[in-house]
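Here's the structure we're looking at; comments come further down.
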Amino acid sequence: MPMNSDRFAPPQEAIEKLKRMIDIRVKKDISIMEVCGTHTMAIFRHGIRDMIPSKIKLISGPGCPVCVTENPVIDKAIWLSQQSDIIIASFGDMLRVPGSSSSLYFEKANGAKVQVVYSPLLALELALKNPDKKVVFVAVGFETTIPAIAVAIKSAKQRNIKNFYVLCAHKTVPKALQALAQMDNKVDGFLLPGHVSSIIGANAYRFLAKDYKIPGVIAGFEPLDLMNAIYKIVDMIDGSRIEILNEYKRVVSDNGNTKAQEVIAEVFAPCDASWRGLGVIPGSGLMLQDNYARFDIEDNIRIEIGESREPVGCLCGQILCGTKTPPDCKFFGTQCVPENPIGPCMVSSEGTCAAYYKYSRFERNEE
Amino acid sequence: MRKLIESLVSRYFSNPTLDRMNDFALVMGGDNLVVSTDSFVVKPYKFPGGDIGKLAVCGSVNDVACSGAEVLYITLAFIIEEGFNIAELENICKSIKEASEEAGVIIITGDTKVVENGAADGIYINTTGIGIKNTDVNIGGEFVKPGDKIIINGNIGDHAAAILSCREGLCFTTPTVSDCAPLNNMVKQLMGGCKQVRCMRDPTRGGVATALNEIARQSQVGIRIFEQALPIDQSVVGACELFGMDPLYMANEGKLLIFVAGDEADKAVEILRANKYGADAAIIGEVIEGRPGVVMKTSIGSSRIVDELTGEILPRIC
């Protein structure tokens, strides 16, 4: 039996081969949206844009949790951090996101108790260590981080921890993809998230192919994963076979992580959520189930924020829908830079503007 | 931060010595005296492979050594929070003694201040290194030229990974220990064998990426590095992937980026490899004509910009 020599080819050769195959199969201009911020970053880091023909436009989607979080949530977190009896626990990304007039980072520098945690379970430990304070975890993120937060809340209930709360602002990915699929600037293919898919499974995306005739490929983050996914999308478009392919089987199954899904369903229920750029998407958020409602900080304290303001002229919203790219924004690279971000997409390491700034901000001048 | 410091320093303290923007100063008037000062606030103050005491000695010794000088003395100043454990203080003093003996430097003056509980976080140390340099040796970020090769004396990111692994609440274990080490003896051997060393810099905070960008700016040259040539321990790669960090931005405390003339690069690597702190030395890049900045040839053959670090490294959400 002949050996499949490709299996043993070094990545370099495999990548060259995929590059040639993509070149051959691209017959028209196509737009591929990478939904996930980690993909955006990986594409830049590995220089994938250098490797594909100009007919393929890679656009970044709403897959950076910090970026899609609207100002009212950030303003609420900032207001909470200003209360003397509250400690804010948050993932690091959130700190520098500018709200209407401040950021958690700024409040921290001014003495607010804002603690970066690497896991929601550590926020729980913080609550145990500070019994005289309320510890509020800023619960922002997609299906990747939601199970861990659900476990933390369950654990708080079991251990009867009374000073642990969440500011609930989770979002779920499939509903956002549906909203994007319904928009006019329809993308031709989706590069589907790797980490989120490990939780929700490949089947969660089948509707994209069935109802909206948009192909999608679930992919990992290595150069070979990315080139292969782009090739598969191009191949499906060229062959008019519209499917959702799982090319990240080493991590993602059809049904996903059912245990994680169960714990999410036990603690959270779907609700409407407002996304930066996409607006309110029905059923795309999560609120606490009734028997866990006491952990919702907004059920315990009246948060008094005024009307939230968005920076006038900032294009983050359109960038998150893929209708604009960072260089289209008048602030990009001039007033809006990582040290002094105007919009959230410049803040997070997963943000589209941060990725453009970091890896390709000179391109515009050299063209 | 860099911009802030640079603007404050240039506004209030500008002088020909400071304006060269190196990590060490050639003292005017005594044209062979080299001085460098640094403060150490590492948290936690004890980590796999070292502690704040060892770090404080190595930091200033390495900064002075980067000028090509022989490092002779250091000064030592403590700021200690009231209530700091005396036994821990003694352990820190022991590591200061060990590190300074290995480096062959003498502690010539010092100071201790105790501040009230809550006014500092445990212990801070400031050291100043002092050395003597041959007047015909000209080494610094401003002397780099196209054609030079860039060498590093071993794996990058070990120190930051070791610190991360023991930071409160970050529950991961790694076999990685900090690379914190005095490098002046290795530098002495290098200088003995290579006559065209242009620049040496220890890529501490901000990592290799930030140090290379600083040098590119100082000498107004382009820098190209090769992803495949970068020596990185697999456990550091793993930790970085987990937390969304890039080893190029992670701090090192026992590494030097060494710029040498192209025809001396192989010899330099050979000399470095003979030293225990240079066993994994490798050529990682080269200096080219062009816009000041750093570009990396990736392992799949594409190129990308390597920018400097802005703000602090914050772990991502997903």
Side-chain angles (χ1 to χ4, degrees), chain A residues 11-12 15-16 19 36-38 41 44-51 63-66 90-96 105 115-119 121-123 125-126 140-145 193 195-196 221-224 227 337-340 347-350 354 357-363 366, chain B residues 1-7 43 118 164-172 206 209-210 213 222 224-228 230 237 239-249 290-318:
Chain A
Q12 184 80 44
I15 281 169
E16 286 298 326
K19 184 173 183 299
C36 155
T38 314
M41 224 44 179
F44 275 108
R45 271 189 66 185
H46 299 306
I48 298 292
R49 281 162 195 262
D50 267 10
M51 309 289 286
C64 154
V66 164
S90 170
F91 291 132
D93 292 38
M94 280 304 288
L95 261 59
R96 287 163 37 118
Y105 204 70
Q115 178 86 37
V116 171
V117 293
Y118 304 90
S119 150
L121 291 167
L122 294 169
E125 298 304 318
L126 204 59
V140 163
F142 298 131
E143 287 91 335
T144 343
T145 41
H195 300 139
V196 165
F221 303 90
E222 298 302 319
L224 207 51
M227 289 297 282
V337 291
E339 302 93 337
N340 185 24
V347 179
S348 169
S349 62
E350 317 267 281
Y357 184 84
K358 196 168 175 197
Y359 295 125
S360 72
R361 70 177 183 275
F362 298 122
E363 278 172 14
E366 283 177 354
Chain B
M1 192 65 170
R2 174 182 67 78
K3 282 184 188 156
L4 174 71
I5 298 293
E6 277 185 18
S7 79
K43 188 180 169 182
L164 265 180
S165 73
C166 58
R167 205 160 260 186
E168 189 182 12
L170 208 56
C171 317
F172 82 102
T210 306
N213 271 287
R224 178 161 53 206
I225 56 172
F226 303 98
E227 188 170 28
Q228 270 175 325
L230 294 172
V237 172
C240 281
E241 281 184 5
L242 202 58
F243 294 107
M245 296 172 177
D246 186 337
L248 280 172
Y249 295 91
R291 185 220 322 271
V294 183
V295 170
M296 179 159 83
K297 235 4 191 188
T298 69
S299 52
I300 62 165
S302 57
S303 306
R304 70 156 159 109
I305 293 173
V306 176
D307 204 357
E308 59 197 308
L309 179 69
T310 50
E312 60 185 296
I313 304 178
L314 296 172
R316 62 164 179 227
I317 289 186
C318 78

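Just so it is clear: chains get the letters A, B, ... in the order the sequence lines come, proteins before strands, and each one is counted from 1.
The ring of A/Phe221 has its center closer than 6.0 angstrom to the ring center of A/His195.
Both the backbone and the side chain of A/Arg45 come within less than 4.5 Å of a heavy atom of chain B. Neither the backbone nor the side chain of A/Glu143 has a heavy atom closer than 4.5 Å to any heavy atom of chain B.
Counting heavy atoms from C-beta outward, A/Ile15 and A/Pro223 have side chains that approach closer than 4.5 Å. Side-chain contact between A/Tyr357 and B/Ile305 is absent, with no heavy-atom pair separated by less than 4.5 Å.
Taking all atoms of both residues into account, the shortest heavy-atom contact from A/Pro65 to A/Val140 is O-CG1, 3.7 Å.
By number of non-hydrogen pairs under 4.5 angstrom with chain A, the leading residue of B/Val306, B/Ile300, B/Thr298 is B/Ile300.
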